[in-house]
Enquirer: 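Could you have a look at this structure, given as structure tokens, before my questions?
Note that the structure is a prediction, hence the values are computed from the model and not measured. In the text below, chain A, chain B and the rest are named by the order of the sequence lines, each starting its count at 1. These numbers come from the heavy atoms of this one structure, side chains and all, not from hydrogens, waters or symmetry mates.
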Amino acid sequence: MMAHWLFKSEPSTWSWQQQKQRGAAGEEWDGVRNYQARNNMRAMKQGDRGFFYHSQDGKEIVGIVEVCAEAHPDSTTDDPRWECVDIRAVADMPKPVTLEAIKQNPKLADMVLVNNSRLSVQPVADDEWAEICRMGGLDRVP
DNA sequence: GCCAACGTTGGC
DNA sequence: GCCAACGTTGGC
């Protein structure tokens, strides 16, 4: 069973544009220094899909990504506690889904994004995934 | 820019 | 092992 995730990034640090420019090679999702977020990355499998969310500037889901390398040591630190996955851009959200719209949708009331806004890598339930894809104008759930 | 929420650190 | 102090994130 394919799990779904959400990756949060400040566009001033790492934007969807930059992610897309990396193409199929993808990019290491490094710099995470939070155990919950790391544990979520450890649980990811090759091919799992996720949302790419712009925090602070934008506050909206702008794209779909795919896990292209499972958890491995974070190259930005020598501390062996920190691991990360690699992700690659798969598709744009035809209509970015804003945090505001998510908060207004009762079906999404239990989303981690709503209830634990500080967690930077988080799981997304299958029904939440489908609902947001629908809101984002994707005619097929990827 | 403020501040609430949360996570981490370190003294005891 | 508890908890106060501190630092960071991110919405507003």
Enquirer: Would you say the ring centers of A/Trp82 and A/Tyr35 fall short of 6.0 Å from each other?
Expert: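 Yes: the rings meet the under 6.0 Å criterion.
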Enquirer: Specify the separation, in whole Å, of atom CG of A/Asp57 and atom P of C/dG10.
Expert: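 Taking atom P of C/dG10 as the reference, CG of A/Asp57 is at 13 Å.
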Enquirer: Can you measure A/Asp79 atom CG to B/dT8 atom P for me and round it to whole angstrom units?
Expert: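 Checked: the CG to P distance equals 12 Å.
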Enquirer: Taking atom P of B/dT9 as reference, at what distance in whole Å does atom CZ of A/Arg81 sit?
Expert: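 Roughly 6 Å, once rounded to whole Å.
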Enquirer: Tell me: CH2 of A/Trp14 to C1' of C/dT9, nearest whole Å?
Expert: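 The answer, rounded to whole Å, is 21 Å.
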Enquirer: Counting only side-chain N and O atoms of A/Lys59, is one of them less than 4.0 Å from OP1 or OP2 of C/dG10?
Expert: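 Indeed not, no polar side-chain atom of A/Lys59 lies that close.
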Enquirer: Which side-chain N or O atoms in residues 93-109 of chain A pair as donor and acceptor under 3.5 Å with protein atoms at least two apart or in another chain?
Expert:
{"residue": "A/Thr98", "atom": "OG1", "partner": "A/Ala101", "partner atom": "N", "Å": "3.0"}
{"residue": "A/Asn105", "atom": "OD1", "partner": "A/Lys107", "partner atom": "N", "Å": "2.9"}
{"residue": "A/Asn105", "atom": "ND2", "partner": "A/Glu131", "partner atom": "OE2", "Å": "2.7"}

Enquirer: Where the side chain of A/Glu27 meets the backbone of A/Gln19, is there a donor-acceptor pair that is under 3.5 Å apart?
Expert: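 A pair under 3.5 Å: no.
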Enquirer: Respond yes when some side-chain nitrogen or oxygen of A/Gln56 is under 4.0 Å from OP1 or OP2 of C/dG11, and no when none is.
Expert: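 False: A/Gln56 side-chain N/O out of range (4.0 Å or more) of C/dG11 OP1/OP2.
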Enquirer: Checking side-chain polar atoms at under 3.5 Å, does A/Arg33 have a donor or acceptor matched by the opposite partner on A/Ser120?
Expert: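 Note: A/Arg33 and A/Ser120 side chains miss the donor-acceptor criterion.
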Enquirer: Looking at B/dT8, C/dC12, C/dG10, which one has an atom nearest to any side-chain atom of A/Tyr35?
Expert: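 So the side chain of A/Tyr35 is nearest to B/dT8.
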Enquirer: Can you tell which of A/Glu70, A/Arg38, A/Met44, A/Met41 makes a side chain to side chain contact (heavy atoms under 4.5 Å, CB included) with A/Cys84?
Expert: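 Between A/Cys84 and the candidates, side chain to side chain contact (heavy atoms under 4.5 Å, CB included) is satisfied uniquely by A/Met41.
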Enquirer: At 10 degrees resolution, what angle do the end axes of the helix from B/dG1-C/dC12 to B/dC12-C/dG1 form when each is taken over five base pairs?
Expert: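 For the helix from B/dG1-C/dC12 to B/dC12-C/dG1, the axes at either end differ by 10°.
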Enquirer: Using a heavy-atom cut-off of 4.0 Å across all strands, would you classify A/Gln36 as base, sugar-phosphate, or nothing?
Expert: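 Sugar-phosphate contact only - A/Gln36 comes under 4.0 Å of backbone atoms but never of a base.
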Enquirer: Would you call the rings of A/Phe7 and A/Trp29 parallel, tilted or perpendicular if under 30° counts as parallel and over 60° as perpendicular?
Expert: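 Perpendicular, since the angle between the ring planes exceeds 60°.
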Enquirer: For A/Leu99, which contact category applies under a 4.0 Å heavy-atom criterion: base, sugar-phosphate, or nothing?
Expert: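 The answer is sugar-phosphate, as A/Leu99 gets under 4.0 Å only of primed atoms, P, OP1 or OP2.
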Enquirer: Produce the list of close N/O pairs, under 3.5 Å, pairing protein atoms with atoms of nucleotides 3-5 of chain B; give distances to one decimal.
Expert:
{"residue": "B/dA5", "atom": "N3", "partner": "A/Arg118", "partner atom": "NH1", "Å": "2.8"}

